[in-house]
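Here's the structure we're looking at; comments come further down.
Note that ligands are numbered from 1 as they come in the structure, with each ligand's atoms numbered from 1 the same way.
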Amino acid sequence: MNIGLLTGGGDCPGLNAVIRAVVRTALKRNHTVTGIRNGYKGMLEDDAETLTRDHVRGIIYRGGTILGTSRTNPYKEPEGETRILDFLTRRAIDALITVGGEDTLGVAARLHASGVKVIGVPKTIDNDLEGTDFTFGFDTAVNIAMEAIDRLHTTAESHNRIMVVEVMGRHAGWIALYAGIAGGADVILVPEHPFDIEAVCRKLQARHDSGQNFSIVVVAEGAKYETEGDVDGTLVVRSMEQDAFGHVRLGGIGSVLAAEIEHRLGYETRSTVLGHIQRGGSPTAFDRMLGTRFGIHAMDLVETGRFGRMVSLNGNRVVDVDIAVAEGRVRYLDPDLYRLAEMFCE
Ligand code: F6P
């Protein structure tokens, strides 16, 4: 078989482990893999090449994706679906493996409904995809954020400051919660629970009254602050410009919060935005392993003709679910984990 392979959406540590696993498994089983460049953009622009053993040599420890990626949405392009179908015919591709988040997999589900033999592999550092317990990339992002929090602790302590760390997490607070608990943060703010700035300041004041002279606040980029009469909370955005899937650019809640804390409490406060540092660099062993297992399972699905499926982690077992499961749904924080954060924060 000739299997098309693409990575779409934001990059994420562990993508190369998936690519390597798909190519090595395919070659062992006498199939061909056509690597499509820059997500769906490569299909629209006919940008693809056959992947060999050499392409995937020495890539498991590399971050990013050797195939490149984009947030191109073919359904927003003129004749998008027809051009995709033409590409598959022209390149004689029998099946397509798409590695991506909610948007990429949403497009994959639509293509499958139009008759394309598709398998989805879930990825996002945010870990907020429905249908899988974990996505690869998340563990790496959490470790990077945790290490940053460790470092901020020592400087916060030396200067008697409050440090606000803004981490990624558009809809859900998985990174903030995991990194915050592992890094011993004093306040953790997540998108699922709009926060009251007054209550945050009360918490910090109580901690400082009890003799502590520094604090660490972890805030997810998608965390919202409550304003009078608005229970849903206000989101801080960097730009209202939308990508092809309608997402605005988030960011800035950390500095808004830091300024407000300093203004209300009078303690010197600084903010740090980790941003794309959380997405770059070498994946952890967990993410390399998960990416590898997902890639092999995707190939098993292709070989057994089980299309329209998304590879998934259930407990510690790699299984598969309907590819449409992740579309338009966010996997919010587990309430039990959130209670854990409440217990460990002041
Ligand atoms: O979806 C993953 C993510 O890292 C989000 O946490 C973040 O809001 C977004 O991607 C950033 O996207 P971009 O790389 O396009 O700025």
Side-chain angles (χ1 to χ4, degrees), residues 6-15 18 38-41 63-65 67-73 76 98-108 120-132 134-146 148 165-180 188-192 218-224 233-256 272-281 283-284 287 290-291 310 326-333:
L6 67 80
T7 53
D11 72 340
C12 162
L15 282 168
V18 180
N38 305 322
Y40 294 114
K41 191 164 183 255
T65 157
L67 290 176
T69 185
S70 73
R71 293 196 189 272
T72 300
N73 179 354
K76 287 278 167 64
T98 61
V99 191
E102 182 203 345
D103 302 327
T104 304
L105 295 174
V107 169
V121 178
K123 70 87 238 191
T124 167
I125 64 161
D126 290 359
N127 201 39
D128 61 356
L129 272 183
E130 264 302 335
T132 183
F134 282 100
T135 46
F136 58 85
F138 169 66
D139 186 64
T140 306
V142 165
N143 277 289
I144 292 168
M146 182 197 70
V165 195
E166 181 181 310
V167 298
M168 280 190 171
R170 177 171 278 276
H171 307 292
W174 291 97
I175 297 177
L177 188 112
Y178 267 66
I188 300 172
L189 304 170
V190 297
E192 289 88 338
V218 177
V219 59
E221 62 178 351
K224 304 170 207 86
T234 303
L235 197 61
V236 179
V237 296
R238 202 170 288 283
S239 147
M240 287 306 287
E241 205 182 307
Q242 295 185 355
D243 67 18
F245 289 92
H247 305 302
V248 295
R249 269 183 73 197
L250 298 183
I253 181 71
S255 56
V256 169
T272 302
V273 182
L274 295 186
H276 292 81
I277 288 174
Q278 295 157 98
R279 284 214 327 234
T284 57
D287 285 337
L290 189 58
M310 178 186 90
E327 205 182 345
R329 286 164 64 197
V330 174
R331 196 169 72 93
Y332 294 110
L333 268 180

Interatomic distance, Arg331 atom CZ to Thr135 atom OG1 [nearest 0.5 angstrom]: 7.5 Å
Numbered atoms of ligand 1 (with element) below 4.0 Å of Arg170, judged on heavy atoms: 8 (O)
Protein contact to atom 16 (O) of ligand 1 [nearest heavy atom, distance to 0.1 Å]: His276 NE2, 3.2 Å
Heavy-atom gap Leu250 to ligand 1 smaller than 4.0 Å: no
Protein heavy atom at shortest distance from atom 3 (C) of ligand 1: Arg279 NH1, 3.6 Å
Nearest heavy atoms of Arg170 and Val248, plus distance in Å: NH2-O, 2.8 Å
Ring geometry between His247 and Phe245 (parallel below 30°, tilted from 30 to 60°, perpendicular above 60°): parallel
Side chain, backbone, both or neither: the part of Arg249 lying under 4.0 Å from ligand 1 by heavy atom: neither
Ligand 1 versus Glu221: contacting region, heavy-atom distance under 4.0 Å: side chain
Test item, Gln278 contacting ligand 1 (heavy atom, 4.0 angstrom): no
Subset of ligand 1 atoms that lie under 4.0 Å from at least one heavy atom of Met168: 4 (O), 6 (O)
Approximate separation, where rounding is to 0.5 Å, of Asp139 CG and Leu290 CG: 9.0 Å
Donor-acceptor pair between Asn143 and Thr284 side chains, under 3.5 angstrom: no
Least distance between heavy atoms, Ala223 atom then Leu189 atom: CB-O, 4.0 Å
Proximal atoms of ligand 1 relative to Gly169 (non-hydrogen, under 4.0 Å): 6 (O)
Arg71: numbered ligand 1 atoms lying under 4.0 Å from its heavy atoms: 9 (C), 10 (O), 11 (C), 12 (O), 13 (P), 14 (O), 15 (O)
Heavy-atom proximity to atom 2 (C) of ligand 1, best of Asp126, Asp11, Val167: Asp126
His247 to ligand 1, any heavy atom closer than 4.0 Å: no
Distance in Å, Glu130 CD paired with Asp128 CG, rounded so as to fall on 0.5 Å steps: 9.5 Å
Point-to-point distance, once rounded to the nearest 0.5 Å, from OG1 of Thr104 to CG of Leu6: 7.5 Å
